[in-house]
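We use all heavy atoms of the structure for the numbers below, so side chains are in, but hydrogens, waters and symmetry mates are not. Here is the naming used below: chain letters follow the sequence lines, and residue numbers restart at 1 for every chain.
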There are 2 protein chains.
Amino acid sequence: MSDGELAFDEQDLLPAVAQDADTGEVVMLAYVSEAALERSRETGYAHYYSRSRDELWKKGGTSGHTQEIEEIRMDCDGDAILYLIDQEGGACHTGYRSCFHRTVDGEVVGEQVFDPDDVYE
Amino acid sequence: MSDGELAFDEQDLLPAVAQDADTGEVVMLAYVSEAALERSRETGYAHYYSRSRDELWKKGGTSGHTQEIEEIRMDCDGDAILYLIDQEGGACHTGYRSCFHRTVDGEVVGEQVFDPDDVYE
């Protein structure tokens, strides 16, 4: 383990990109604390740190749309990580497979895979 | 254009993930200012904002390893963007195709495609 090479920012966080290991689709970007990263490694499921709720969370803990981890990579200067994952259901709380389901012009390019009203009460 | 939906952070930046449009490989994560994003849209080549040098830069401006843009996506809450690009050469200054060429355990999993000594003088 080379966690010593990771360069956490002033908030002790790193941006983490989650990519579907099979399809290559980038499904979300969130942040990890050192504890969230450790939890991901220990459990084999992606954990993040919520900046708005100020807490460590397991992706899919509420929705069941978990991310089983295949591999965790770091970038060259250790200030970003990449989770290669198997996405259960959809990553986005809006029901899309990926949070990146729109162009910056607002055109929808992604696939909606669940109805959020059925998942979040 | 829906730039009004983008949620730039306190430093007026957004994290930007660059993904090879053909292979799906995630090649780097950097940051964009509003001006960098505009420059990318105007020129068709990926631009970023360097937090360490405090300046807008064109990827490949020195190395020639440019990123021609196929599409720019934003995530659901507008606080991250995804550049789908055609990567010339390698994205990483270390000569690898991707900056994410190591696992967090330090194992090299990526492909070195150029010798940095030949590119950066």
Max heavy-atom pair count under 4.5 Å with chain A, selected residue of B:Cys92, B:Ser98, B:Gly110, B:Pro15: B:Pro15
Step-by-step salt bridge (charged side-chain N to carboxylate O under 4.0 Å, His left out) determination, A:Arg41 to B:Asp105: CA-CA 11 Å; A:Arg41 293 165 65 104; B:Asp105 295 311; 2.8 Å; yes
B:Met28 side, atom CE; A:Asp75 side, atom CG - distance, nearest 0.5 Å: 9.0 Å
Looking at A:Val109, A:Val17, A:Thr23, which has the largest count of heavy-atom pairs under 4.5 Å with chain B? A:Val109
Heavy-atom pairs under 4.5 Å with chain B: which of A:Thr94, A:Leu29, A:Asp77 has the most? A:Leu29
Quick one: do A:Phe8 and A:Met74 end up in the same hydrophobic cluster if we chain Ile, Leu, Val, Met, Phe, Trp and Tyr together by side-chain heavy atoms under 4.5 Å apart? yes
For the atom pair CD1 (B:Ile72) and CZ (A:Arg102), what is the distance rounded to the nearest 0.5 Å? 14.5 Å
Are A:Leu37 and A:Ile69 linked, directly or through intermediate hydrophobic residues, by side-chain heavy-atom contacts shorter than 4.5 Å (ILVMFWY only)? yes
Could you see if A:Leu56 belongs to whatever hydrophobic cluster contains A:Leu14? Use Ile, Leu, Val, Met, Phe, Trp, Tyr and a side-chain cutoff under 4.5 Å. no
Residues in residues 78-85 of chain B near chain A [non-hydrogen atoms, under 4.5 Å]: B:Asp79, B:Ala80, B:Ile81, B:Leu82
How close do A:Cys76 and B:His93 get, counting heavy atoms only, and between which atoms? SG-CE1, 3.7 Å
What residue, out of A:His101, A:Glu71, A:Arg73, has the most heavy-atom pairs lying under 4.5 Å from chain B? A:Arg73
Can you tell me if B:Gln19 uses its side chain to pair, donor with acceptor, with the backbone of A:Gly24 under 3.5 Å? yes
Under a 4.5 Å side-chain heavy-atom rule over Ile, Leu, Val, Met, Phe, Trp and Tyr, are B:Tyr31 and A:Phe100 clustered together? yes
When you group the ILVMFWY residues by side-chain heavy-atom contacts below 4.5 Å and let the links chain together, are A:Tyr48 and A:Leu13 in the same group? no
In terms of heavy-atom contacts, does CD of B:Glu25 have more than 12 from other residues, nucleotides or ligands at under 6.0 Å? yes
